[in-house]
Structures are given as structure tokens and as C-alpha cells.
Participant: 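Could you have a look at this structure, given as C-alpha cells, before my questions?
Just so it is clear, the model here is predicted, and its values are computed rather than measured.
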Amino acid sequence: MTSRFNGRTAALVPLALVGVTVLAGCAQGSATTTTGADGKTVVRYMNFTSNDGHEKDLDTIVAAYEKENPDVDVQVETIPYADYFTKLQTAFAGKTVADVVDLNYENFVSYAESGALAPLEDVDAAPYKDTLLESFTHDGTQYGLPSSYSNVVLYYNKALFDAAGLEYPTADWTWADEQAAATALTDTAAGVYGDFQPVTFHEFYKVLDQAGGQFFTEDGSASAFDSPEGVKAATWLVTKPGTVMPTEADGSSTPDFDKDLFSAGKLGMWHSGIWMFDALSQVEGLDWDIVVEPGDASKASALFTNGVAVTAASKEKEAAQDFAEFLTVSPTAVDTRLASSWELPPVADEEALAPYLEQTPPTNRQAVLDALDTVALPPVLAAQQEMQDAINEELSNAAAGRKTVEQALTDAAARVDQLLG
């Protein structure tokens, strides 16, 4: 199993409220309370993942941990995602940061690079899916633990494939197979399209991996996506609108356009995340399934993962790590997540995931786990949003015919290199 990291690992904080120098200095001290009035060890946990619907699920996990560890008092602070990283940086700067904190992958890279996180000692890797655990390493050191994930798969409409006399997609499919099926399925007169894959940054870095390219040079000092592999990846995306998928003029960039098109039975294949399962299962009469996305030179599936880390400033690192491990892969955590559809736990044991795999639709939920065999993680730098905007704009230029693919990538690379400094 492999994990494809797109080059650059050194980065500053994307949502910068304070400079990296403040973060680097945060390990020097903390206002974290280590002993409660009752003599218990206090572990403070600051999170965003339980906000807006899963607070009671987190309470269940915390209560189970405290029952097994009666000498520990876990104090939880839950913050909405929109405010979380601003408050987290303020806590680091003020040396009041919690012992355990939530981090998504992009911000994990930034904080690990700054020295704000404590190395984790003697982590038992066995319970974790290896590609997920690897995502929270930095320069060979485990600085965090995955807590949950979602990924992207290829959805397909069985009825449309049946009507066209086509075999259903399989895990062995390549881009060529997908293109052939998309062409056969497309009937613009009937408003039916064969494929839908957004022409965006988040799709580009993934298909770049699939084409065998990389986003940054090995040392992370410059962009590397304006390569033959990059041209092939971008061409794969930008030639779909107006042929096998709708264009922006058709409304393809409006919210929920792709979901509504697939739900209406007018879309043969759709690249989207597993978070759409619940919505699609509510659509009466829609017969659909999923498969691991096709690749070109190799497979690569987009992975969106959250994790937890112990802060370097914590005075209770051992207890904090123990809680972090319980929070991520204990039977209580796994069962609670699966019962409440609180994303997916990062465990390797498929027997533990049996309740999830047995749910339908889709029938082929195994594809969700198989997609973890080779994952593509987003490239990260300090000016994250500016980088994404540059890629999106230049891909849009190529898709609209305002620039050649080669020129669009050359211009995008120059803009990203400026951001790298």
C-alpha cells in the first residue's frame, strides 16, 4: 500500500492569524492545568469534528475513556469549524492551548513543520489503516493520529449502463475505459451525460498523481505540474465539459448541479465523495453503485482526513497520547462512529467495519476501503487558498478555450512559484 504526497511537506499555516515564529515558540510553555481539584490528571481536548451533531457521540467516547482511566479528567472544548483555527492559533500564541487538538491534514502539515506538535512515542500502528497513519507523519516522525476520513469514488448509474448495453465499471478500469463508456452514454438531445468530474484544483492534483506526475519538485522549492504528465492530467479534465459532461454555461458550476443531475438519472458516471451516500439513498428508484476511480499510470484516490495531535506545550503528554489513541481506534470510538455515521474510523480491521460494509446502497462499499490502498493528499503551502484559486482559474481558462492546456499550466506554475517565494 502506498501514499502519494505530491511533494512539498514544509509549509506555514494556511489560515495565518499570527506568524510561524509565534507557533514555533509555543512549545516553550503552556497554561494547561495538569491536576484537577480532585487530584485527577486533566487532559484538555479542543475539537471541531464533533460540532453540529456529534457532541453526544464524543461524550460517549470520553465517558468510556474516563471509566477505564478513573484518574484522568478529559475536558472537552468544541468549536465550530469556521472559528476553530483562528481560536487555535490564539491559544497557541497565548500559551493556553489544549493538550490534544483536532487538525485536518492541511493544517497538520503546517503545525508539524512549525514545531508546535509533540512527537508521539511508541504508537501501536497495528489498529490503523497504514496509509491513514502515514498521513500524519512529518519527516519520518509520527506527530498525529488519524481520527476519521472520507474519500472520493466513481459513482455510476446502473440503468443507464444497462440501456447502453455496457458492462459496469470495475476496479481495473483505466481512463480509456471511462472515456469510452462516457462517450457511449452521452445523449445531449435527451439531456443525458456520460461523466462529471469537476475541473478544479482538488481533482487536478489527484489526476496528476494518476498520470504519474507530481505537484512540486522533490525539495518543494518549485512547482512541477507543468510537465507532460501535468498536461495529460489537465487535458483529461478540461476536455470533458462540452463533450461528455455539461459546461459552465450549462450550469455545471452551480451548487448541487452534479448531485441533482445524478439523482435525476441523467448522469452515467460521477466523481464525488462518499459523503453523498445518505442523500442518494433517499432518491426513490435510483439504481447506483460505486467503484474505485480509474487511473492512468497508476491509481490514486483523493483522501480527506482529520486527525488529533498532542501539542508540544502539553505538560501531560503521556496521558494526552493515551487519550488520543483511545479517541481514534478504541472499540468504543469505532462503534460510536459507525452507529452515528460520524465519518469513518481509521481502522485496518475490516471485521470492525462490517456494520458499515453491510449497509446498502451502495452495494460495493468495499470500494471505499480499497481506495485507501493508494491515496493522493493535497499539496500544501502557506498561501493555500491563493494556490487553489490560481489552479482553478487557469484550468477554467483551458476548459473555455481561452488558453491552450500547455499555456494554462505554464501560467499556473508561474503563479504558484511566486507564492512559494
Participant: Assess the residue pair Ser227 and Glu229 against the criterion (side chain to side chain donor-acceptor pair (under 3.5 Å)); give the C-alpha distance rounded to whole Å, side-chain angles, the decisive distance to 0.1 Å, and a yes or no.
Facilitator: CA-CA 5 Å; Ser227 60; Glu229 295 84 2; 3.3 Å; yes
Participant: Got a sec, which residues hit side-chain hydrogen bond (donor to acceptor under 3.5 Å, both in side chains) with Trp236, two or more places apart in sequence or on another chain?
Facilitator: Gln197
Participant: Run the side chain to side chain contact (heavy atoms under 4.5 Å, CB included) check on Thr305 and Asn104 step by step: do they pass?
Facilitator: CA-CA 6 Å; Thr305 180; Asn104 57 9; over 6 Å; no
Participant: What about Phe304 and Tyr105, are their ring centers closer than 6.0 Å?
Facilitator: no
Participant: Could you check, using the six-membered ring where one of them is a Trp, whether Phe215 and Tyr205 have ring centers closer than 6.0 angstrom?
Facilitator: no
Participant: Using a 4.5 Å cut-off on heavy atoms from C-beta on, say whether the side chain of Ile290 contacts that of Trp288.
Facilitator: yes
Participant: Keeping Ser314 on the side-chain end and Val310 on the backbone end, is there a donor-acceptor pair under 3.5 Å?
Facilitator: no
Participant: Can any side-chain N or O of Gln321 pair as donor or acceptor with the backbone N or O of Glu121 at less than 3.5 Å?
Facilitator: yes
Participant: Between Asp139 and Thr141, do the side chains contain an N or O donor and an N or O acceptor separated by less than 3.5 Å?
Facilitator: no
Participant: Check Lys232 with Asp296, please: is the shortest side-chain N to carboxylate O separation under 4.0 Å?
Facilitator: yes
Participant: Could Glu393 and Arg415 be called an ion pair, given the rule that one side-chain N must be under 4.0 Å from one carboxylate O?
Facilitator: yes
Participant: Do Thr328 and Val308 have side chains that get closer than 4.5 Å, going by heavy atoms?
Facilitator: yes
Participant: Under the ring-ring contact (aromatic ring centres under 6.0 Å, His included) test, which residues partner Tyr128, sequence neighbours left out?
Facilitator: none
Participant: Is any side-chain heavy atom of Phe48 closer than 4.5 Å to one of Pro80?
Facilitator: no
Participant: Looking only at side-chain N and O atoms, does Ser110 offer a donor or acceptor that is under 3.5 Å from a partner on Asn107?
Facilitator: no
Participant: Taking atom OG1 of Thr336 and atom CG of Leu58, what is their separation to the nearest 0.5 Å?
Facilitator: 9.5 Å
Participant: Mark yes or no for whether Arg337, through its side chain, and Pro345, through its backbone, hold a donor-acceptor pair below 3.5 Å.
Facilitator: no
Participant: Quick check: do Glu66 and Val72 have side-chain heavy atoms less than 4.5 Å from each other?
Facilitator: no
Participant: Please determine, by modelled atom types, if Tyr168 and Asp162 share a side-chain donor-acceptor pair under 3.5 angstrom.
Facilitator: yes
Participant: With a 6.0 Å cut-off on the ring centroids, do Phe161 and Tyr156 count as close?
Facilitator: yes
Participant: Where the side chain of Ser330 meets the backbone of Leu327, is there a donor-acceptor pair that is under 3.5 Å apart?
Facilitator: no
Participant: Donor-acceptor pairs are to be reported for all side-chain atoms of residues 268-284 against protein atoms at under 3.5 Å, with residues two or more places apart or in another chain.
Facilitator:
unit_1, atom_1, unit_2, atom_2, d
Trp270, NE1, Asp258, OD2, 3.2
His271, ND1, Glu293, OE2, 2.5
His271, NE2, Glu178, OE2, 2.6
Ser281, OG, Phe277, O, 3.4
Ser281, OG, Asp278, O, 2.7

Participant: Might you confirm whether atom CD of Glu55 has over 12 heavy atoms from other residues, nucleotides or ligands at distances under 6.0 Å?
Facilitator: yes
Participant: Does a side chain donor of either Thr78 or Asn51 reach within less than 3.5 Å of an acceptor in the other side chain?
Facilitator: no
Participant: Please test Phe323 against Tyr45 for ring pair (Phe, Tyr, Trp, His ring centres under 6.0 Å), starting from the C-alpha separation and ending with a verdict.
Facilitator: CA-CA 9 Å; Phe323 170 67; Tyr45 171 42; 5.6 Å; yes
Participant: Nearest 0.5 Å, what's the CG-CG distance between Asn47 and Asn306?
Facilitator: 10.0 Å
Participant: Looking at Gly265 and Leu160, what are the two nearest heavy atoms and their distance?
Facilitator: O-CD1, 3.6 Å
Participant: Would you call Lys40 and Asp71 a salt bridge, taking side-chain N to carboxylate O under 4.0 Å as the test?
Facilitator: no
Participant: Measuring only between side-chain heavy atoms, which start at C-beta, is Tyr65 closer than 4.5 Å to Asp322?
Facilitator: yes
Participant: Is the Tyr111 to Phe92 ring centre distance short of 6.0 Å?
Facilitator: yes
Participant: Are the side chains of Glu343 and Ser147 in contact, using a 4.5 Å heavy-atom criterion?
Facilitator: no
Participant: Check whether the side chains of Ser252 and Asp250 place a donor and an acceptor atom closer than 3.5 Å, and report yes or no.
Facilitator: no
Participant: Just by distance, with hydrogens left out, do Gln179 and Asp177 show a side-chain donor and acceptor under 3.5 Å apart?
Facilitator: no
Participant: For the ring pair Phe136 and Phe108, is the centre-to-centre distance below 6.0 Å?
Facilitator: yes
Participant: With a 4.0 Å cut-off, would you call Lys206 and Glu203 a salt bridge?
Facilitator: yes
